[in-house]
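Please read the structure below before turning to the comments.
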Amino acid sequence: MKAIRMHSRGGPELLAYEDAPKPALQPGDALVRVIATSITKTELTWDETYIDCDGRPRIPTIPGHEFSGVVDAVTPDVAGVKAGDAVYALSSFCRNGSAAEYIAIRSADLAPKPRTVSFEQAAAVPLAGLTAWQALFDHAQLQKGQRVLIHGGAGGVGTYAVQLASWKDAEVITTASAENHDFLRELGASEVIDYTRERFEETAEDVDVVLDTIGGETQQRSWGILRRGGILISIVSPVSAEKAASLGLRSAFFIVEPKRSQLIELGRLIDAGTLRVIVGAALPLEKAREAFVAGHVRGKIVLQVAATESAKA
Ligand SMILES: NC(=O)c1ccc[n+]([C@@H]2O[C@H](COP(=O)([O-])OP(=O)(O)OC[C@H]3O[C@@H](n4cnc5c(N)ncnc54)[C@H](OP(=O)(O)O)[C@@H]3O)[C@@H](O)[C@H]2O)c1
């Protein structure tokens, strides 16, 4: 099969479009013919990209951990998923990814592809959509009427977080460059702060939840805008529990996990027209390198792996 692979740890210049063996299945796995995959630009810097699930080196490695496609085969012990099913999923970070014509994945991680969107759009949901869901609902337990600040609202995770928080009837404040302000209001933000011109802490206050998708100084400057009992959640770097406790606040840092039930919920919201999927750019698989070095786009960058007509779904 054709795949994007890296033969050593490094940057996008090491991504090679080449022939690779079709993945072998483990018990409980499905083999999926990938139609489209998305990338997360930072994934080439993650340790998990280069190690297997037992912590041993995994080289060459295939990136891309969210995709849509059609099930090609399942192992004999698999029930509930069959060849021909149109699916989408977040795949385990410690196994080879979906920037390839085929991926082997735990069948329990597969969810039915939302019916109303293309394979290309469906591939832009699992990683970013699940991250936003788990941050807001599992970790922050966001409630109706609460005030939430989402940093980087126009990004992959941000576009889902803004919409999901708004769907929960929270008051959504977000940060973005000026050209994304109208777009983010359409997605449900009540206030958008231009982080290139203003310091968000001069506008936002008494916030119940901060979702940090930026890290560094942005994370540090976020403490002061939280109301007592509020929570600072980062998806970028660990947040000090001691500092949170000393301020009467809570904190969390987490790595998104595959979760079929939540993908089904996201799919329902998509099919109901409540959740929009934002694909900022789509490129053929062989142009993966360009995708990794692209500038800011709205939402996700998708790689087209196979023609949609070949999906038979
Ligand atoms: N822990 C996890 O499980 C997990 C899961 C997914 C992603 N992540 C991490 O989360 C981060 C974001 O991922 P992503 O895919 O959403 O990124 P992305 O699509 O590249 O989005 C980044 C967005 O951030 C905005 N931005 C840049 N600097 C900013 C600043 N100082 N303040 C506010 N906004 C700023 C840009 O918006 P404008 O275009 O408006 O300027 C850009 O669109 C990455 O570091 C990624 O590795 C972690």
Side-chain angles (χ1 to χ4, degrees), residues 66 89-90 93 108-109 111 125-176 184 187-193 200-201 203-215 218-270 272 274-277:
E66 52 185 342
L90 168 65
F93 295 116
D109 293 337
V125 179
L127 193 152
L130 286 176
T131 303
W133 184 285
Q134 290 171 16
L136 295 174
F137 305 144
D138 292 348
H139 295 277
Q141 289 165 344
L142 183 70
Q143 303 295 319
K144 178 177 178 172
Q146 285 192 322
R147 189 191 294 231
V148 54
L149 173 73
I150 294 162
H151 286 296
V157 176
T159 50
Y160 292 110
V162 167
Q163 294 183 84
L164 289 172
S166 160
W167 168 66
K168 263 284 168 194
D169 288 327
E171 182 187 339
V172 183
I173 306 167
T174 191
T175 57
L184 285 164
L187 293 189
S190 56
E191 196 172 343
V192 191
I193 301 169
F200 62 85
E201 60 271 43
T203 308
E205 57 180 5
D206 283 340
V207 166
D208 298 287
V209 177
V210 172
L211 174 52
D212 166 34
T213 68
I214 307 298
T218 298
Q219 184 185 103
Q220 290 314 313
R221 284 164 44 211
S222 295
W223 290 113
I225 65 168
L226 282 157
R227 69 163 50 127
R228 207 168 168 78
I231 182 163
L232 172 50
I233 296 192
S234 182
I235 58 167
V236 179
S237 55
V239 193
S240 165
E242 293 74 34
K243 172 129 189 178
S246 72
L247 295 168
L249 301 170
R250 294 168 299 138
S251 65
F253 164 70
F254 75 100
I255 305 286
V256 63
E257 290 178 3
K259 196 93 191 254
R260 172 187 157 87
S261 59
Q262 293 174 349
L263 276 181
I264 290 173
E265 286 296 319
L266 288 166
R268 280 201 192 111
L269 292 175
I270 291 165
T274 306
L275 190 63
R276 273 173 61 190
V277 178

* **Evaluation steps, side chain to side chain contact (heavy atoms under 4.5 Å, CB included), between Val125 and Tyr160** => CA-CA 9 Å; Val125 179; Tyr160 292 110; 3.6 Å; yes
* **ring-ring contact (aromatic ring centres under 6.0 Å, His included) against Phe200, all qualifying residues, sequence neighbours excluded** => His151
* Residue pair Phe93, Leu127: steps toward the side chain to side chain contact (heavy atoms under 4.5 Å, CB included) verdict -> CA-CA 11 Å; Phe93 295 116; Leu127 193 152; 3.8 Å; yes
* Would you name the heavy atoms of Ile231 and Ala140 that are closest together and state the gap between them? => CG2-CB, 4.0 Å
* **Side-chain donor or acceptor of Arg250 paired with backbone N/O of Gly229 under 3.5 Å** => yes
* Asked: Quick one: does Trp167's side chain get under 4.5 Å of Leu136's, heavy atoms only?
  -> no
* To do: Look at the side chain of Gln163 and the backbone N and O of Arg276, then say whether any donor-acceptor pair between them is shorter than 3.5 Å.
  => yes
* To do: Measure the spacing between CG of Leu249 and OG of Ser240 and express it to the nearest 0.5 Å.
  => 11.0 Å
* Is there a side-chain contact between Ser251 and Trp223, using heavy atoms and a 4.5 Å cut-off? -> yes
* Structure fact -> Heavy atoms of Ser190 and Glu171 approach each other most closely as OG-CG, 3.6 Å
* Structure fact -> Of all heavy-atom pairs linking Gly156 and Ala128, the shortest is O-CB, 3.4 Å
* Under the 3.5 angstrom rule, does the side chain of Thr175 hit a backbone N or O of Gly152 as a donor-acceptor pair? -> yes
* Between the side chain of Gln134 and the main-chain N/O of Glu257, is any donor-acceptor distance below 3.5 Å? -> yes
* Does the side chain to side chain contact (heavy atoms under 4.5 Å, CB included) test come out yes or no for Gln262 and Asp138, once each step is laid out? -> CA-CA 11 Å; Gln262 293 174 349; Asp138 292 348; 3.1 Å; yes
* Examine distances only and state if a side-chain atom of Asp208 and a backbone atom of Val148 form a donor-acceptor pair shorter than 3.5 Å. => no
* **Polar side-chain atom of Thr174 near backbone of Ile150 as donor-acceptor pair, under 3.5 Å** => yes
* Gap between atom CG of Leu149 and atom CG of Asp206 - 0.5 Å precision -> 12.5 Å
* Less than 4.5 Å apart, any side-chain heavy atom of Leu164 and any of Phe137? -> yes
* Which distance, rounded to the nearest 0.5 Å, do you find between the CG of Asp212 and the CZ of Arg221? -> 11.0 Å
* Asked: Which pair of non-hydrogen atoms, one from Leu263 and one from Pro126, has the smallest distance, and what is that distance?
  -> CD2-CA, 3.8 Å
* Distance from Asp169 atom CG to Gln146 atom CD, nearest 0.5 Å? -> 12.0 Å
* Asked: Is the shortest heavy-atom distance from the side chain of Phe254 to the side chain of Ile235 under 4.5 Å?
  -> yes
* **Side chains of Val172 and Leu187 in contact at under 4.5 Å (non-hydrogen atoms)** => no
* Asked: Can you name the one residue among Ile225, Val210, Val207 that meets side-chain contact (heavy atoms from CB on, under 4.5 Å) with Arg147?
  -> Val207
* Between Thr203 and Glu191, is any pair of side-chain heavy atoms under 4.5 Å apart? -> yes
* So, the side chain of Glu201 versus the backbone of Gly224: is there a donor-acceptor pair under 3.5 Å, distance only? -> no
* Shortest non-hydrogen contact from Val239 toward Ser234 -> CG2-CB, 3.5 Å
* Non-hydrogen atoms of Leu226 and Val209 that approach each other most closely -> CD2-N, 4.0 Å
* Say you draw a straight line from OG of Ser166 to CG of Leu184; how long is it, rounded to the nearest 0.5 Å? -> 11.0 Å
